[in-house]
Asks: 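Below you'll find the structure I mean.
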Amino acid sequence: MQHRVIVLGAGYAGAVAAGRLAKRLRREDVAITLVNAEPDFVERVRMHQLAAGQDLKPRPFSEMFAGTGVELRLAKVTGVDVDGKTVAVVGVNGAEELAYDTLVYALGSGWNAQGVPGTAEHAYEIAGRPGALRLRERLARLDAGQRVVVVGGGLTGLEAATEIAEARPDLDVALAARGDFGDWLSPKGREHLRKVFGRLGITVHEHTAVTGVEAERVATADGKTIPAAVTVWTTGFAVHPIAKATALEVTGTGQIVVDGTMRSVSHPDVYAVGDAAMVMGPGDKPLRMSCASGTPTAWQAAAAIAARLTGGKRPNMSIRYFNQCISLGREEGLIQYVTADDRAVRAVLTGRLAAVYKELVCKGAAWSVANPTLGLPTWRRRVTRERAAAGSAVKAPA
Ligand SMILES: Cc1cc2nc3c(=O)[nH]c(=O)nc-3n(C[C@H](O)[C@H](O)[C@H](O)COP(=O)(O)OP(=O)(O)OC[C@H]3O[C@@H](n4cnc5c(N)ncnc54)[C@H](O)[C@@H]3O)c2cc1C
């Protein structure tokens, strides 16, 4: 009998985990099913580009996974029963239940409205493709001089504001940041940011917490309002509620708590990767939701599952940060080098070179989904029956 591995979600983390497992395990031993709601790979890191009117390269999974042995199931996951070891999905055949021996949970995240009144009704978001397309359509209908307010001074907010301002110089783009503008960056990084925002004519409202969104304006904590024909909400990501509705141990925000091998601390048959997982990184700080740390969590989980099933050595890779790659439109960028635990150091790369660097990083991230072992040789190992049977009973040490 084959060991059934089900991977939920084919974003950067889930797709890489499925692909790596297929390269490490024999097809006659293991059936790998990848469940995803959409038929093609969505490059989430480019959603601001999609919103600003650029067309992204289509990346159908049928091509990306051709010949790998990974079975793609187009369906929406509606629930997981971690005690019964089944997943509830709705696909072309209606509602179904899929049984697994090992589950990899990689459903990613969406936007985080943070309960601010009016966001659901009036704000636009770019955390996923439907939101980005909706904003794209709205921006196309704006007349010259109309105001777009991007709420959130984090990485996504910076990328969104600059991309929109560059694509539509006729619009009046503003950004509202809760604290100091770019306060986590090095002095050189901040200076560059200010220069680029100035050049693109983007107004920055610092120390501005947005407390409400209306059709034509946003309200701020100091009692003022900022006119806004369009409000773009980019204040972080929130995970989907599916994990929280299970018996899995999750954080208050619904991320699955895992050990260093990405294995659930409460249910040893379940692994979680990418945004969906709460992973402790260097300096005992949780990894931030990002492609940069999500892909290594997938490598780690795939290696751990393969080792568990084949009797190999459990991997012990430390996941660390090297830089934050920020696009500032198509012509400009900022590469902020960081410590292992993601704190800015002095060194930065700026200008056209940084834009090219960031573009290569995005291309590389998509390439690594189709080439999950990064071109390294494939060593498929045999699953031992005892290991496969015992796997669920053996709990990995933290
Ligand atoms: C505009 C923008 C720019 C970004 N820039 C960067 C950057 O420069 N660097 C960086 O490191 N990170 C960046 N990020 C963050 C990064 O995109 C995410 O952290 C990353 O995509 C998380 O990967 P993931 O595989 O965990 O989840 P996702 O990429 O979100 O993938 C989840 C998958 O699960 C599927 N799914 C979800 N729910 C269901 C369901 N119920 N049923 C079936 N399928 C489902 C989705 O369709 C998707 O395919 C950016 C994000 C945005 C929005």
Side-chain angles (χ1 to χ4, degrees), residues 6-18 34-52 56 59 61 72-80 87-91 98 104-112 125-132 135 150 152 154-164 232-243 245 255-256 262 272-277 279 287-298 301 321-328 333-336 342 357-359 361-362 364-366 368-369:
I6 295 187
V7 181
L8 303 183
Y12 294 96
V16 167
L34 179 57
V35 184
N36 200 64
E38 301 191 64
D40 52 353
F41 178 69
V42 174
E43 289 182 87
R44 264 185 80 190
V45 301
R46 293 191 191 272
M47 287 302 103
H48 53 298
Q49 296 175 234
L50 185 66
L56 305 183
R59 298 180 185 275
F61 287 122
L72 186 72
R73 199 54 104 83
L74 257 189
K76 190 170 165 54
V77 178
T78 53
V80 180
V87 178
V89 300
V90 179
L98 311 176
V104 181
Y105 186 105
L107 290 181
S109 63
W111 70 307
N112 189 353
E125 51 95 9
I126 55 167
R129 186 160 55 184
L135 175 60
V150 175
L155 299 172
T156 312
L158 301 181
E159 294 198 324
T162 48
E163 202 74 46
I164 294 168
V232 184
W233 198 264
T234 69
T235 63
F237 304 130
V239 296
H240 302 295
I242 292 175
Q255 282 180 304
I256 298 172
M262 309 304 134
V273 291
D275 287 359
V279 184
L287 297 178
R288 76 182 141 85
M289 291 189 194
S290 66
C291 178
S293 49
T295 303
T297 65
Y321 292 98
F322 294 96
N323 51 34
Q324 294 178 6
C325 304
I326 311 167
S327 69
L328 301 171
L334 170 61
I335 310 300
Q336 172 65 64
D342 211 23
Y357 187 112
K358 173 70 198 257
E359 177 57 25
V361 166
C362 294
S368 76
V369 171

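Counting starts at 1 for both ligands and their atoms, in listed order. Residue indices begin at 1 and follow the sequence shown.
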Asks: In the protein, what heavy atom is nearest to atom 12 (N) of ligand 1, and what distance, to one decimal place, separates them?
Replies: Cys291 N, 3.1 Å
Asks: Less than 4.0 Å is my threshold; does some heavy atom of Gly110 fall inside it relative to ligand 1?
Replies: no
Asks: Taking only heavy atoms of Met289 into account, list the atoms of ligand 1 that are under 4.0 Å away from them.
Replies: 19 (O)
Asks: Quick one: which ligand 1 atoms are inside 4.0 Å of a heavy atom on Ala75?
Replies: 42 (N), 43 (C)
Asks: Can you confirm whether the side chains of Arg44 and Ser109 place a donor and an acceptor under 3.5 Å from each other?
Replies: yes
Asks: Examine the proximity of ligand 1 to Ala127 and report which part, side chain or backbone, both or neither, has a heavy atom under 4.0 Å away.
Replies: backbone
Asks: Which option, Asp275, Asp40, Leu8, owns the non-hydrogen atom nearest atom 18 (C) of ligand 1?
Replies: Asp275
Asks: Identify, for atom 31 (O) of ligand 1, the protein heavy atom at the shortest distance, and state residue, atom and that distance.
Replies: Gly11 CA, 3.1 Å
Asks: Any idea which protein heavy atom is nearest atom 36 (N) of ligand 1, and the distance to it?
Replies: Leu107 CD2, 3.9 Å
Asks: Between Arg46 and Glu359, does any NZ, NE, NH1 or NH2 come within less than 4.0 Å of an OD or OE carboxylate oxygen?
Replies: yes
Asks: Sub-3.5 Å donor-acceptor pair from the side chain of Thr235 to the main-chain atoms of Gly152, do we have one?
Replies: no
Asks: Shortest non-hydrogen contact from Ala18 to Val7?
Replies: CB-CG2, 4.0 Å
Asks: Looking at Ile242, which atoms of ligand 1 are within less than 4.0 Å of one of its heavy atoms?
Replies: 41 (N)
Asks: Is there a donor in the side chain of Gln324 and an acceptor in the side chain of Asp342, or the other way round, less than 3.5 Å apart?
Replies: yes
Asks: Which heavy atom of Ala276 sits nearest a heavy atom of Gly108, and at what distance?
Replies: CB-N, 4.2 Å
Asks: Can you pull out the closest protein heavy atom to atom 15 (C) of ligand 1? Residue, atom name and distance to 0.1 Å, please.
Replies: Phe237 CE1, 3.9 Å
Asks: Heavy atoms only: which of Val361, Val77, Val7 is nearest to atom 41 (N) of ligand 1?
Replies: Val77
Asks: Counting only heavy atoms closer than 4.0 Å, does ligand 1 sit against the backbone of Ala106, its side chain, both, or neither?
Replies: backbone
Asks: Do ligand 1 and Tyr12 have nitrogen or oxygen atoms that lie under 3.5 Å from each other?
Replies: yes
Asks: Please list the nearest protein heavy atom to atom 47 (O) of ligand 1 with its residue and the distance rounded to 0.1 Å.
Replies: Asn36 OD1, 3.7 Å
Asks: Among all protein heavy atoms, pick the one closest to atom 9 (N) of ligand 1 and tell me residue, atom and distance.
Replies: Val45 CG1, 4.2 Å
Asks: Are the side chain of Thr295 and the backbone of Ala292 linked by a donor-acceptor contact shorter than 3.5 Å?
Replies: no
Asks: Looking at ligand 1, would Phe41 count as a contact under a 4.0 Å heavy-atom criterion?
Replies: no
Asks: Between Val273 and Gly14, which heavy-atom pair has the shortest distance, and what is it?
Replies: CG2-N, 4.4 Å
Asks: Cys325 heavy atoms, cut-off 4.0 Å: which ligand 1 atoms fall inside?
Replies: 8 (O)
Asks: Is a side-chain N or O of Thr78 found less than 3.5 angstrom from the main chain of Ala88, in a donor-acceptor match?
Replies: yes
Asks: Which of the atoms in ligand 1, numbered in the order shown and given with their element, are less than 4.0 Å from a heavy-atom of Gly274?
Replies: 26 (O)
Asks: May I ask whether Gln324 has any heavy atom positioned less than 4.0 angstrom from an atom of ligand 1?
Replies: no
Asks: Please report the shortest heavy-atom distance between Arg129 and Leu50, naming the atom on each side.
Replies: CG-CD2, 3.8 Å
Asks: Of all the heavy atoms in Ala10, does at least one lie under 4.0 Å from an atom in ligand 1?
Replies: yes
Asks: Evaluate the side-chain proximity of Glu43 to Gln49: yes if any heavy-atom separation is below 4.5 Å, no if none is.
Replies: no
Asks: Just how far is it from atom NE2 of His240 to atom OH of Tyr105, taken to the nearest 0.5 Å?
Replies: 7.5 Å
Asks: How far is atom 44 (N) of ligand 1 from the closest protein heavy atom, and which atom is that?
Replies: Ala37 N, 3.1 Å
Asks: Taking only heavy atoms of Ala292 into account, list the atoms of ligand 1 that are under 4.0 Å away from them.
Replies: 10 (C), 11 (O)
Asks: Can you list the atoms of ligand 1 that are under 4.0 Å from a heavy atom of His48?
Replies: 1 (C)
Asks: To the nearest 0.1 Å, how far is atom 2 (C) of ligand 1 from its closest protein heavy atom, and which atom is that?
Replies: Arg44 O, 3.4 Å
Asks: What is the minimum heavy-atom distance between Phe41 and Ala10, and which atoms define it?
Replies: CD1-O, 3.5 Å
Asks: Test your reading of the model: is there a side-chain donor-acceptor pair from Trp111 to the backbone of Ile126, 3.5 Å cut-off?
Replies: no
Asks: List every atom of ligand 1 that sits less than 4.0 Å from any heavy atom of Lys358, numbering the atoms from 1 in the order shown and giving each element.
Replies: 7 (C), 8 (O)
Asks: Going by distance alone, is a donor N or O of one side chain under 3.5 Å from an acceptor N or O of the other, for His48 and Ser327?
Replies: yes
